Protein chains: 4
Amino acid sequence: MNDDSVEDPREAKRAERVQRRRRQILDAAAHLMQRTGYHAMSIQQLAEEADVSVGLVYQYFGGKHDLLQAVIEDILQDFEQQLPQRIRADEEPAAQLAGAVRSLCEIIAAKREGTVLAYRESATLSGPGLRRIKELELRTVQPVRQIVIEGLASGAFRPVDPELVAHTVLMIAHGWALKHWNLGARMSLDDYVRQETELLLNGLAAPTK
Amino acid sequence: MNDDSVEDPREAKRAERVQRRRRQILDAAAHLMQRTGYHAMSIQQLAEEADVSVGLVYQYFGGKHDLLQAVIEDILQDFEQQLPQRIRADEEPAAQLAGAVRSLCEIIAAKREGTVLAYRESATLSGPGLRRIKELELRTVQPVRQIVIEGLASGAFRPVDPELVAHTVLMIAHGWALKHWNLGARMSLDDYVRQETELLLNGLAAPTK
Amino acid sequence: MNDDSVEDPREAKRAERVQRRRRQILDAAAHLMQRTGYHAMSIQQLAEEADVSVGLVYQYFGGKHDLLQAVIEDILQDFEQQLPQRIRADEEPAAQLAGAVRSLCEIIAAKREGTVLAYRESATLSGPGLRRIKELELRTVQPVRQIVIEGLASGAFRPVDPELVAHTVLMIAHGWALKHWNLGARMSLDDYVRQETELLLNGLAAPTK
Amino acid sequence: MNDDSVEDPREAKRAERVQRRRRQILDAAAHLMQRTGYHAMSIQQLAEEADVSVGLVYQYFGGKHDLLQAVIEDILQDFEQQLPQRIRADEEPAAQLAGAVRSLCEIIAAKREGTVLAYRESATLSGPGLRRIKELELRTVQPVRQIVIEGLASGAFRPVDPELVAHTVLMIAHGWALKHWNLGARMSLDDYVRQETELLLNGLAAPTK
DNA sequence: GATGAATGAGGTTTCATTCAT
DNA sequence: GATGAATGAAACCTCATTCAT
């Protein structure tokens with residue numbers, strides 16, 4: 001048992017307020033960064049948007065750099081946590097994969113601007129930070145990789161590299177966000193998902209004798 | 001025949017030097033932007049890298065912003081011009097498409113960092129500039145779209161939206177550049193192209209009776 | 001009663017310091033501009049003279065341009081406020097006018113360099129700013145115009161355009177500032193005022209029957 | 001006899017071309033400075049306006065500073081030369097003075113913007129240059145001073161300081177230029193001259209017994 | 001004589017960060 | 001905990017001047 005688990009109502013209240021403050025600043029930062037980019041956002045502007053003082057930003061986050069790291073991690077963690085909840089274990093591999101593609105696309109489409117921000121600003125991050133981001137992204141598509149492995153075992157899919165399929169699925173989802181300026185005007189997300197899924201499943205299907 | 005075509009050796013020499021200077025600055029800018037990003041590159045730094053004075057940068061390019069536009073356009077124009085040269089007209093649609101996927105992947109892989117730069121900094125561009133970039137990208141994948149249309153006409157492919165396939169092919173190629181930190185360690189470009197091509201062609205193939 | 005009138009000692013102290021800072025910068029700017037002109041004054045130099053940082057200048061004034069506007073307005077407001085206090089209501093029009101001429105000359109002579117600065121740099125101001133300056137100058141000579149109107153009504157002056165007299169009085173006062181390099185060596189301000197006043201009053205006097 | 005008087009047709013032609021070039025540049029410079037001020041005018045811009053190369057400006061004038069000196073001197077010399085031509089020797093002092101006031105006002109009104117430029121930028125000049133400008137201005141009003149001296153001698157004017165009257169006349173003429181933004185909308189130059197002249201002559205007139 | 005490409009010092013401005021209150 | 005005034009390094013950009021052609 002460590003100190004944190006000691007129930008101190010005073011301490012609990014403090015921790016709760018800290019979380020609220022962090023969220024307040026983080027959301028404002030995400031909003032501004034998505035609209036104007038990391039470099040165009042000034043701390044003064046952020047403080048105004050978040051309705052806190054400039055100094056407070058520095059109490060809750062180490063600096064502008066750490067803020068970027070936190071914003072991107074926050075977005076990617078959301079992705080990582082949502083996907084497993086939406087995968088149903090009781091389906092065939094093909095149906096599972098189709099469901100995973102749809103889920104990932106919808107999850108990412110819901111935070112389209114956050115996804116674009118991650119692409120835009122990841123390279124701005126420092127070495128260790130960037131490594132954490134990459135790690136998160138790899139973890140996000142782990143469920144997809146798992147489905148493919150199972151499909152291969154059951155003979156549902158023709159022989160493929162599960163890693164490559166996971167990558168491809170991720171690019172399908174990211175593609176909607178990255179090229180929304182083009183696709184958005186031509187089709188609905190539902191159409192996009194349906195067509196990409198069909199293409200993928202046909203591509204993966206084991207040849208019928 | 002207009003005045004420009006009159007052969008003035010003085011003018012010709014001047015024009016040639018102007019081109020050399022522009023290229024000198026453009027290449028240095030592309031190099032620095034790819035290494036550190038647009039915002040991290042200072043004009044001072046660029047001038048040193050290009051071995052010219054700060055003022056000259058402003059004489060050849062209106063400002064830092066125009067320079068970014070020029071760098072990205074330069075990269076994308078290169079893509080647009082190279083692809084058609086590598087498509088063979090005398091093949092079957094499937095083979096043609098496979099060739100196009102390979103070509104595009106190789107072209108983009110050769111300027112991997114430029115591609116990533118375009119993703120990173122496109123949002124930094126001004127409205128009209130961004131529109132030109134998007135236009136260029138659409139033009140780049142036109143040949144792919146054309147191949148699909150012909151394949152559909154000949155019954156080689158199952159019914160699909162050619163626009164979507166063009167998008168998918170572009171994402172295959174961009175995917176290599178964007179996720180090279182992951183893929184590069186796992187497979188060669190050749191492997192990547194082979195596997196993605198197989199997936200795609202299987203996905204597209206008309207069902208045999 | 002509005003919120004501002006609520007006595008908040010914290011807020012009052014803050015406002016007082018803001019006023020002191022503004023004045024500190026404004027005075028230093030006026031001093032430097034009068035010595036070297038607007039363009040020759042650098043913000044760096046101003047910050048040193050005012051003993052503040054460069055950044056603070058931009059916090060209190062939007063930029064160099066706004067600073068010029070503020071300096072000139074500050075000078076002209078001073079003129080506008082001082083003149084009415086020195087006009088005595090209980091005198092004959094001629095005596096009132098003589099007093100006004102003397103007062104205006106003395107007021108302007110006391111800020112001779114500021115007056116010259118206003119002439120030098122007014123054209124540097126932006127459209128709306130320039131309009132405010134002109135408005136201020138017109139208001140400054142309103143009392144003179146009023147005296148003339150009353151003198152015309154009482155028959156003390158021969159028929160003249162009050163606007164023109166107001167202009168002439170202003171030019172008498174400004175003339176001392178603008179041509180001080182010549183006049184200053186030849187006569188005292190007192191002599192100048194006496195002689196110009198005599199010329200003006202004789203010029204205005206209604207002919208005796 | 002010096003070398004310059006030797007009639008060398010080659011040399012004469014050269015000198016003529018030099019004069020034409022100087023004038024070409026000077027006029028363009030005067031035009032730009034009057035529109036935007038000395039500091040806002042760049043040599044590049046001037047070269048374009050004058051339709052010569054940047055380098056040529058430096059062959060005919062030492063630099064930007066010398067150009068300002070030349071422009072202002074050019075304007076003031078024009079004033080100095082025109083006034084004597086328009087004064088008639090065969091009139092009464094009062095009529096002569098009235099004529100001089102009218103002439104000076106008209107001369108200056110014709111180069112209103114040049115006059116304002118001289119006020120704006122004189123302080124920008126260097127010491128020796130400024131002295132020459134002041135000298136020129138004093139010489140300009142010499143004829144007025146002379147008329148007053150003669151009028152005093154003949155008893156036409158009440159005792160006044162001729163220097164002060166010359167100054168006052170100059171301020172009447174300059175006043176039209178400096179406050180044209182106000183006066184121009186209220187009266188014609190002719191009205192202005194008539195009223196100021198009446199005021200001045202009444203002010204100067206020797207009292208009738 | 002004439003050109004205009006090239007230079008680089010110097011200017012204005014922004015903004016991440018600190019710290020006294 | 002919270003504030004926001006203050007700092008100053010560093011960025012972009014301009015433009016007077018030079019000089020090889």
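These figures come from a predicted structure and were not determined experimentally. Just so we're on the same page: letters track the sequence lines, and every chain starts at 1. Basis for what follows: all heavy atoms, side chains included, without hydrogens, waters or symmetry-related copies.
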*For Y60(B), which contact category applies under a 4.0 Å heavy-atom criterion: base, sugar-phosphate, or nothing?*
sugar-phosphate
*Chi angles and distances behind the salt bridge (Lys or Arg N to Asp or Glu O under 4.0 Å) call for E16(A), K13(A)*: CA-CA 5 Å; E16(A) 192 260 352; K13(A) 228 174 149 186; over 6 Å; no
*Watson-Crick or G-U wobble partner for dC19(F), using a 3.5 Å limit on both distances?*
dG4(E)
*Output yes when a side-chain donor or acceptor of E113(D) lies under 3.5 Å from a complementary backbone atom of Q34(D), and no otherwise.*
no
_Taking any heavy-atom pair under 4.0 Å as a contact, classify Q59(A): base, sugar-phosphate, or nothing._
base
*asked:* Please tell me if Y58(A) has a side-chain N or O lying less than 4.0 Å from either OP1 or OP2 of dC19(E).
replied: no
*Would you mind checking if D74(B) and R22(B) are paired as a salt bridge, meaning a charged N to carboxylate O distance below 4.0 Å?*
no
*With under 30° as parallel and over 60° as perpendicular, where do the rings of Y38(B) and H65(B) fit, or are they tilted in between?*
perpendicular
*Which part of the nucleic acid, if any, lies within reach of L56(B) when heavy atoms closer than 4.0 Å are counted: base, sugar-phosphate only, or nothing?*
base
_Using whole Å, what does the distance between atom C1' of nucleotide dT17(F) and atom NZ of K64(D) come to?_
12 Å
*Short side-chain N/O contact to dA5(F) OP1/OP2 from R17(C), under 4.0 Å*: no
*Please state how far atom CD in Q24(D) lies from atom P in dG1(E), giving the value in whole angstrom units.*
14 Å
*Find the distance H39(A):NE2 to dA10(F):P and express it as a whole number of Å.*
15 Å
*Find the distance D66(D):CG to dA16(F):C1' and express it as a whole number of Å.*
12 Å
*Between dA2(F), dA2(E), dT13(E), which nucleotide gets closest to the side-chain atoms of V54(C)?*
dT13(E)
_Any side-chain N or O of S53(C) below 4.0 angstrom from OP1/OP2 of dT7(F)?_
yes
*Residue closer to the 5' end of DNA chain F, G55(B) versus V18(A) (nearest nucleotide)*: V18(A)
*Using both distances under 3.5 Å as the test, list the Watson-Crick or G-U wobble partner of dT12(E), or none.*
dA11(F)
*What closest approach, in Å, do A29(D) and L67(D) show between heavy atoms, and which atom pair accounts for it?*
CB-CG, 4.1 Å
*To the nearest Å, how far apart are Q19(B) CD and dA5(E) C1'?*
15 Å
*Does R21(A) make a side-chain N or O approach to OP1 or OP2 of dA2(F) shorter than 4.0 Å?*
yes
*CD1 of I43(C) versus C1' of dA11(F): gap in Å, rounded?*
16 Å
*Nucleotide dC15(F), atom C1' - distance to NE2 of H65(D) in whole Å*: 15 Å
*Could you state the CD-P distance from Q44(A) to dG4(F), rounded to the nearest angstrom?*
12 Å
